[in-house]
Undergrad: 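Structure in structure tokens, see below.
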Amino acid sequence: MGKYSDRLNKAPETYTFDDFLIQPGLSTIIPKDVTLNTQVSTNYKLNIPMVSSAMDTVTEAPMAIAIAQEGGLGVIHRNMTIEEEVNEIKKVKYANDLTVREVITIEPDATIAHAQEIMDMEQISGLPVVTDEDKVIGIISRRDIKPLINKHPNKKISTAMTEKVLTIPENTNPDEALDLAYENKVERLPVTRNNNELVGMVTIKDILERKKYPNAIRDKDGKYLVAGACGPFDMDRAIALDDAGANIIAIDSAHGHKTDIMEAVREMNKNIEADVLLGNIATKKAAEYLLKAEVDGFKVGIGPGSICTTRIVAGIGVPQLSAISSVADVCQKENIPVIADGGIRYSGDISKALCVGADAVMIGSLLAGTKESPGETTIMNGRKYKQYRGMGSLGAMTGGVGAGTDRYFQNGSNNNMKHTKLVPEGIEGVVPYKGKAPEILFQLCGGLRSTMGYIGAININEMHEKAELVRITNSGMNESHPHDITITNESPNYQPRL
């Protein structure tokens with residue numbers, strides 16, 4: 001045999017989602033009783049194993065907030081300036097801040113008329129009264145000024161304010177704050193530090209809003225967990241995202257198995273506190289080599305996405321289940337989480353990815369087209385759609401700051417590179433409008449819970465241990481989908497294959 005024919009004969013057989021089903025087993029588990037928490041990086045856990053893709057038609061602050069409220073992680077895309085991405089990170093962090101930091105205040109020497117003017121203009125019902133040093137000495141409400149506004153509009157605030165003000169320290173938890181507010185029959189509580197210095201304000205409305213999301217994932221400061229995408233050589237962006245509060249930096253590269261990337265990420269790790277996810281890779285060799293960079297997790301997947309053309313344009317890739325399992329074999333020994341990135345079409349695919357060693361999945365197309373994804377809705381043939389494109393598409397490479405050119409190692413920018421000089425590895429299109437992201441996540445988690453009930457796994461660790469897969473043929477997959485029927489009512493968790 002020659003070296004070329006040997007290359008073919010020795011090539012391993014590889015598999016993807018449609019090649020397998022998960023075999024049911026003896027179970028005492030009820031789906032509603034399972035737990036979906038998982039490790040997404042060395043220092044961070046999620047309450048559901050869902051991560052939204054760092055794509056400019058999938059994840060900006062609204063998506064990151066929505067998925068964090070459900071217990072997952074949003075990765076803000078990087079097809080924008082550093083300042084813009086930093087602002088998106090801050091929006092996510094501020095969204096969960098129970099304390100309103102920008103509080104409108106008034107000084108004790110101000111008049112009753114001035115207080116009413118501010119309340120009318122800002123549409124608020126009360127103002128903290130503070131000294132020049134921002135120390136809280138009272139509070140004035142509409143109720144206090146109502147009997148005085150007509151007869152004594154020029155009276156000083158200090159003569160009408162309530163001097164005994166109930167305040168809370170910065171570290172007060174929401175339950176304690178709510179109890180205090182109810183006990184003292186107040187709607188807002190000034191937050192203070194040191195000698196009664198005003199920090200912000202907490203309202204009953206904000207506390208009750210926060211309680212709507214018991215499964216939300218938060219960092220040690222009580223703010224939503226969020227990740228930011230970054231190029232492997234963009235140290236300035238990594239440091240800026242870290243300073244802005246990003247908990248995780250997700251290295252965004254089409255091919256992470258490169259010497260210069262490993263060295264760059266190792267150096268990046270020395271300059272930031274955030275955990276680092278490195279991607280994308282698809283082989284055991286890549287995982288073994290890149291462990292030298294001391295990263296906190298790997299993103300796995302080259303070419304499986306619905307809008308990716310890498311496998312066709314470059315002929316490169318590894319079918320996704322084989323890619324996940326080969327990387328997981330290496331990472332499990334080192335306790336490094338694996339995020340399966342791409343190729344997920346149904347909730348059952350999530351289950352299969354977890355069964356072969358993934359700790360979480362990164363989702364793009366299933367969340368594209370939701371209310372929270374970037375972009376405007378359009379109407380085609382009477383139906384709503386939203387744009388969805390690969391980060392290797394011409395639009396992504398030439399739009400924004402052209403992050404796709406960097407991701408696919410095609411140097412240049414939208415200012416000095418013509419379309420004809422780019423080699424796209426992705427396409428652009430539209431997907432049907434799907435409604436709100438939490439509704440999609442509910443269905444995906446529901447399908448995963450069902451899987452766990454079938455195989456008798458109470459948590460994801462048990463899925464890793466107990467799952468058994470069976471190989472199927474094309475006939476087996478055809479049998480698995482609905483057949484011999486015309487669907488008249490669409491299901492929220494199933495779309496027919498094209």
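The analysis underlying the following values was restricted to heavy atoms, covering all of them including side chains, and did not include hydrogens, waters or symmetry mates.
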Undergrad: Kindly give the heavy-atom pair with the smallest separation between P438 and E70, and that separation in Å.
TA: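 Here P438 and E70 meet closest at CB-OE2, 3.7 Å.
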
Undergrad: Indicate yes or no for a side-chain donor-acceptor contact from N247 to the backbone of V226 under 3.5 Å, with no hydrogens or angles considered.
TA: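 Here the side-chain-to-backbone pair exists.
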
Undergrad: Checking T59 side chain against S53 main chain: does a donor-acceptor pair fall under 3.5 Å?
TA: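 Yes; at least one donor-acceptor contact below 3.5 Å.
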
Undergrad: Report, one line per pair, each donor and acceptor closer than 3.5 Å where one atom sits in a side chain of residues 113-122; sequence neighbours left out.
TA:
residue : atom : partner : partner atom : Å
D120    : OD1  : R142    : NH1          : 2.9
D120    : OD1  : R142    : NH2          : 3.1

Undergrad: Which pair of heavy atoms, one from K156 and one from P108, lies closest together, and at what distance?
TA: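 Minimum heavy-atom separation between K156 and P108: CB-O, 3.8 Å.
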
Undergrad: How many angstroms lie between CD1 in I139 and CD1 in I106, if you round to the nearest 0.5 Å?
TA: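 Answer rounded to 0.5 Å: 12.0 Å.
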
Undergrad: State which residues pass salt bridge (Lys or Arg N to Asp or Glu O under 4.0 Å) with R188; sequence neighbours excluded, sorted by chain then number.
TA: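 Residues passing salt bridge (Lys or Arg N to Asp or Glu O under 4.0 Å) with R188: none at all.
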
Undergrad: So, using side chain to side chain donor-acceptor pair (under 3.5 Å) as the criterion, who are the partners of E84 when residues are at least two apart?
TA: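 For E84, the residues satisfying side chain to side chain donor-acceptor pair (under 3.5 Å) (neighbours in sequence not counted) are T81.
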
Undergrad: I'd like to know whether CZ of F442 has more than 12 heavy-atom contacts from other residues, nucleotides or ligands below 6.0 angstrom.
TA: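 Check fails, neighbour count at 12 or below.
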
Undergrad: For the residue pair A467 and C355, what are the closest heavy atoms and their distance?
TA: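 So the minimum-distance heavy-atom pair works out to CB-SG, 3.3 Å.
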
Undergrad: Do you know which of D275, D296, D359 makes side chain to side chain donor-acceptor pair (under 3.5 Å) with S41?
TA: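 It is D275; the other options fail the test.
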
Undergrad: Does a salt bridge link K93 with D221, judged by any charged N lying under 4.0 Å from a carboxylate O?
TA: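 Salt bridge between K93 and D221, a charged N being under 4.0 Å from a carboxylate O: no.
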
